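Hydrogens, waters and symmetry mates play no part in the numbers below; they use all other heavy atoms, side chains included. The structure displayed is predicted, hence computed values, not measured ones.
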There are 2 protein chains.
Amino acid sequence: MPKIVDHNIRKRQIAEASWRVILEQGMEGATVRNIAKEAGLSLGALRHYFSTQDALLEFAMNLVIERVTERITKIALKELPPKEKVLQILLEIVPTDAEKMAEMEVWFSFVSYARHKKDSFDAQHDGIYTGIRKLMYYLDEEKLLRKNLTIELEIERLYSLVDGTAMHALLDPNRIEKKQIHALFVYHLQSICIEDF
Amino acid sequence: MPKIVDHNIRKRQIAEASWRVILEQGMEGATVRNIAKEAGLSLGALRHYFSTQDALLEFAMNLVIERVTERITKIALKELPPKEKVLQILLEIVPTDAEKMAEMEVWFSFVSYARHKKDSFDAQHDGIYTGIRKLMYYLDEEKLLRKNLTIELEIERLYSLVDGTAMHALLDPNRIEKKQIHALFVYHLQSICIEDF
DNA sequence: CATTTTATAATACAATTGTATTATAAAAAA
DNA sequence: TTTTTTATAATACAATTGTATTATAAAATG
């Protein structure tokens, strides 16, 4: 039954199928055939929505970023005490459940894959740096930061802390628990914010 | 002229050739043929030293870790003021020149590749966590740490800071300069150590 | 010197890859 | 209803893959 297919929806379904494949088999397993099979489609059908493999991968990668951005934005719009809001956003970046770990795993794969594609798509700009920067200025405007801080260095420090923790949570999930990550972020925020938390 | 070949040396040469290939083309380009060509050998010759591709990749990855560990150990054995020594070691982990960037790039590629090889080799344990832990205890024993610190959290924080910075230095080298990284680490060490630096 | 081992090369092979082509049928459009 | 478009499938194809086989010559060994 053709023509009743919404291309955008179908493309998302295919992208999600490719995530599942990458999650299980890594980038080496992300072949058009494996993805088509996972999506329950034939090669020809898949090709009808993505004329090339890179087009598919690019779409799938952008969808990851889109998803994460959406979730973070949702928190950012919440009515919360500033420090609590910042904490929640930071924790949202770190993969502590299966879904987030999958997303980061996929993003991780994409980045190391895309780095060596001359033309093609651009990973690295996941927008996290910009987000962290805004968070720090937000804390500053709310007069929550301690004196004596060098704000540019604090931005860099928080950015590294979050991405480093995210990386560790992904690569060695058994070493570090969700509770510890929470404690770590609270600890760090306390060290740069006034008052107790 | 056969038989005058030192297998260990040759294997290292091949491993280094594979690094160069991975550096330029990523893991997708790390085919036996590309590596053989880069090493100036035939397929048969390469196969004489590594009977399988995974054996070669595992060797090449371990060599990266070996190299980095060696360089860090060299610093650790130096006669230096404690805080200066810690700083130098931390900076050694972050890739700020071409050679270190290459090593981390290769390590990065290996990790995301090896994660999905069921049997096969084990990446992730690069020994950095253990090293950071030792550094923190070293600072503690030297009575250089401030009071009120939670040492376990400080270990985790420094570990994330260093790996996060390393990741950023690799993925977006134009955004952050060597000087900034130096300043960041000094800044962080100051925040956890007594006295000025 | 004769023989065996070692290093290298050339070639082969089956499997897998991305992409292209062709075919079919279902729905939409006329 | 007839025609066209769309979705899917099946198959084809050249290129590339890891690995295996065979061949050759240089050194080591006896």
d([atom1], [X]; [atom2], [N]) in whole Å:
{"X": "A:Arg33", "N": "D:dT11", "atom1": "CZ", "atom2": "C1'", "answer": "11 Å"}
{"X": "A:Asn8", "N": "D:dA7", "atom1": "CG", "atom2": "P", "answer": "13 Å"}
{"X": "B:His48", "N": "C:dT5", "atom1": "NE2", "atom2": "P", "answer": "13 Å"}
{"X": "B:Tyr49", "N": "C:dA9", "atom1": "OH", "atom2": "C1'", "answer": "13 Å"}
{"X": "B:Asn34", "N": "D:dG18", "atom1": "CG", "atom2": "C1'", "answer": "13 Å"}
{"X": "B:Lys11", "N": "C:dA7", "atom1": "NZ", "atom2": "P", "answer": "12 Å"}
{"X": "A:Lys37", "N": "C:dT17", "atom1": "NZ", "atom2": "P", "answer": "11 Å"}
{"X": "A:Gln13", "N": "D:dA7", "atom1": "CD", "atom2": "P", "answer": "13 Å"}

Pick the closest DNA chain C nucleotide for A:Leu43 and for B:Gly40 by heavy atoms, then say which residue is nearer the 5' end. B:Gly40
Considering Watson-Crick and G-U wobble pairs with both distances under 3.5 Å, what does D:dT19 pair with?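 D:dT19 is paired with C:dA12.
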Among [options], the one nearest [X] by side-chain distance:
{"X": "A:Val32", "options": "C:dT19, C:dT11, C:dA7", "answer": "C:dT19"}
{"X": "B:Ser42", "options": "C:dT8, C:dG18, D:dA7", "answer": "C:dT8"}
{"X": "A:Gln53", "options": "D:dT6, C:dT8, C:dT19", "answer": "C:dT19"}

Scan side-chain atoms only and decide if B:His116 and A:Glu105 contain a donor-acceptor pair under the 3.5 Å cut-off.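 Per modelled atom types, B:His116 and A:Glu105 side chains form a pair under 3.5 Å.
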Using a distance-only test with no angle check, is there a side-chain donor-acceptor pair under 3.5 angstrom linking B:Arg175 and B:His168? no
Can you confirm whether A:Arg12 is buried at CZ, in the sense that more than 12 heavy atoms of other residues, nucleotides or ligands lie under 6.0 Å from that atom?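 No, CZ of A:Arg12 has 12 or fewer neighbouring heavy atoms, counting only those of other groups under 6.0 Å.
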Report the relative orientation of the aromatic rings in A:Phe108 and B:Phe108; use parallel for angles under 30°, tilted for 30 to 60°, perpendicular for over 60°. tilted
If you group Ile, Leu, Val, Met, Phe, Trp and Tyr by side-chain heavy-atom gaps below 4.5 Å, do B:Tyr138 and B:Ile155 land in one group? yes
On DNA chain D, compare the nucleotides closest to A:Gly44 and B:Thr31; which residue's is nearer the 5' end?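 Final value for this comparison: A:Gly44.
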Counting only side-chain nitrogens and oxygens, does B:Thr52 get under 4.0 Å of the OP1 or OP2 atom of D:dG18?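 No, B:Thr52 has no side-chain N/O under 4.0 Å of OP1/OP2 on D:dG18.
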D:dA7 phosphate, OP1 or OP2: any side-chain N/O from A:His7 under 4.0 angstrom?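 For D:dA7, OP1/OP2 do have a side-chain N/O of A:His7 under 4.0 Å.
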Categorize B:Leu41 for me: base, sugar-phosphate, or nothing, with a 4.0 angstrom heavy-atom threshold over every strand shown. sugar-phosphate
